[in-house]
Amino acid sequence: MRKIAVGLLGLGNVGSGVVKLLADNADSIRERLGGASVEIRRILVRETEKQRLVDVDRKLITKSASSILDDPEISIVVELIGGEEKARQLVLDAIAHGKHVVTANKALLAAHGDELFAAAEKKNVDLYYEASVGGGVPIIRALREGLASDRITEVIGIVNGTSNFLLTKMTDEPQPFEQILAEAQRLGYAEADSSLDVDGWDAAHKLCVLVPLCFGISIHTKDVLVEGLRGIEPIDFRYAERFGFVIKPLVIAKDHGDSLEARVHPTLIPRRFMLASVNDVYNAVYVSSHALGQSMYYGRGAGMMPTAVAVVSDLLEVSRNLLSSSVGGPPTGRVRTPKRIRAAGELESRYYLRINVLDQPGVLAQLAGLLGEQGISISEMVQEGQRTDGKSACVVMTTHIAREENMQAALMRINLLPAVVAPTRLLRIFDRPGENATRGGKTA
Ligand code: HSE
């Protein structure tokens, strides 16, 4: 019986899930591989004595990367240590040693994807990365295989489980932000550095992984408009609801023909839009393509076992490739179509503004004037007095579509007005007049 030997780099949350899933499903995995088995031969860790989430044979544990890289029997290396530079070096070394690689590391792929895929292609080895986006949702396979025959025009996703969990909890009942984040950490959703989740960078990394598959162009986080969740307050959820929206942490990439837009920010979306009902740690990616139309891919986007499912499924696919001697094909689905990436200032949206002002004559006229000077038209507006002091008021407005550079110019001037008593909260609205996104979507 053939054994496929695997070297695991990292035994944290996801690594432990991989060990558990391989053990739990050993029989069905063997069946799916026509009798061959997948066996973890060695596990690289930083601290050998640390308490683990799963029981592993201590003989497998090592602090020496070369005991994996130099073992000729190990054919697949699974990188789950996270981070960029050390992971990059280990993956390049594994490829140089002719090993196939499975990784869940979105930060690594966002920063060094081109280099790693080129190295893998040169050495004729597989590099699989399903777990890097969407946790257990097979979005990479859907894009690489299911939609390979179609032309994608737009991708809108909720791809960070922690921020969706945070926003869902904040919508349901006001709770301190730090308390919800601590719960996300306890549940194994958040990154070791949770600011990657909260400030939008994890989602941006994932968008950088999706864009080459969808649009045949490599992008980097510097090309993406990235905003996180800080500064959103319970009152914003109430106003969003009043205007018919919910707030979701979106990634958006859209092909404009000559150029591409890529952005990550908390967004007001209409309650009727399918992504509005994607809650808690769930992720979903809503894809528009020429022939299929709209399709949506949904499931648990973070956590030990959902992410392990994606990693182990990649392990199976590489194992199948090994067994059928078809490794090193073009696994990434990345094609090359050079395209300009739109600068942040060129992007267009509707906007939500929450402005705290002194309740005095002429203030509304000043606000409307500054927006008007930038060609920005107000769509809806409410004003409420602050019950606490009776002197200030909260003005909340939504605008029609405007250009980001005009909105930023207006915002700067609004915040300089003597009557404006606190920094204005700006959120973007994703809303297309006439488009009913609940129709025609296929949920996969
Ligand atoms: N911290 C990530 C998230 C883990 O919350 O989505 C999965 O990539």
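Position 1 is the first residue of the sequence; numbering continues from there. Both counts, for ligands and for their atoms, begin at 1 and track the order of listing.
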For a quick check: using heavy atoms under 4.0 Å, what are the residues in contact with ligand 1, sorted by chain and number?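 Lining ligand 1: K106, V159, N160, G161, T162, Y189, A190, E191, D197, D202, K206, G301, A302.
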Does F165 have any ring pair (Phe, Tyr, Trp, His ring centres under 6.0 Å) partners at least two apart in sequence or in another chain, and if so, which?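 So F165 forms a ring pair (Phe, Tyr, Trp, His ring centres under 6.0 Å) with Y189.
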Any side-chain heavy-atom pair of R425 and E233 under 4.5 Å: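 Result no, sub-4.5 Å side-chain heavy-atom pair not found.
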If we only count heavy atoms from C-beta on, is the R46 to K63 side-chain gap below 4.5 Å?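 They are not in contact (no side-chain heavy atoms under 4.5 Å apart), so the answer is no.
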Consider only side-chain N and O atoms of S288 and Y286, and report whether a donor and an acceptor are under 3.5 Å apart.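 No pair is found: no donor N or O on one side chain lies under 3.5 Å from an acceptor on the other.
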Are Q89 and D93 close enough that a side-chain donor and a side-chain acceptor fall under 3.5 Å?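 Checked: Q89/D93 side chains pair up, N/O donor to acceptor below 3.5 Å.
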So, do Y239 and F245 have ring centers that fall under 6.0 Å from each other?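 No, ring centres 6.0 Å or more apart.
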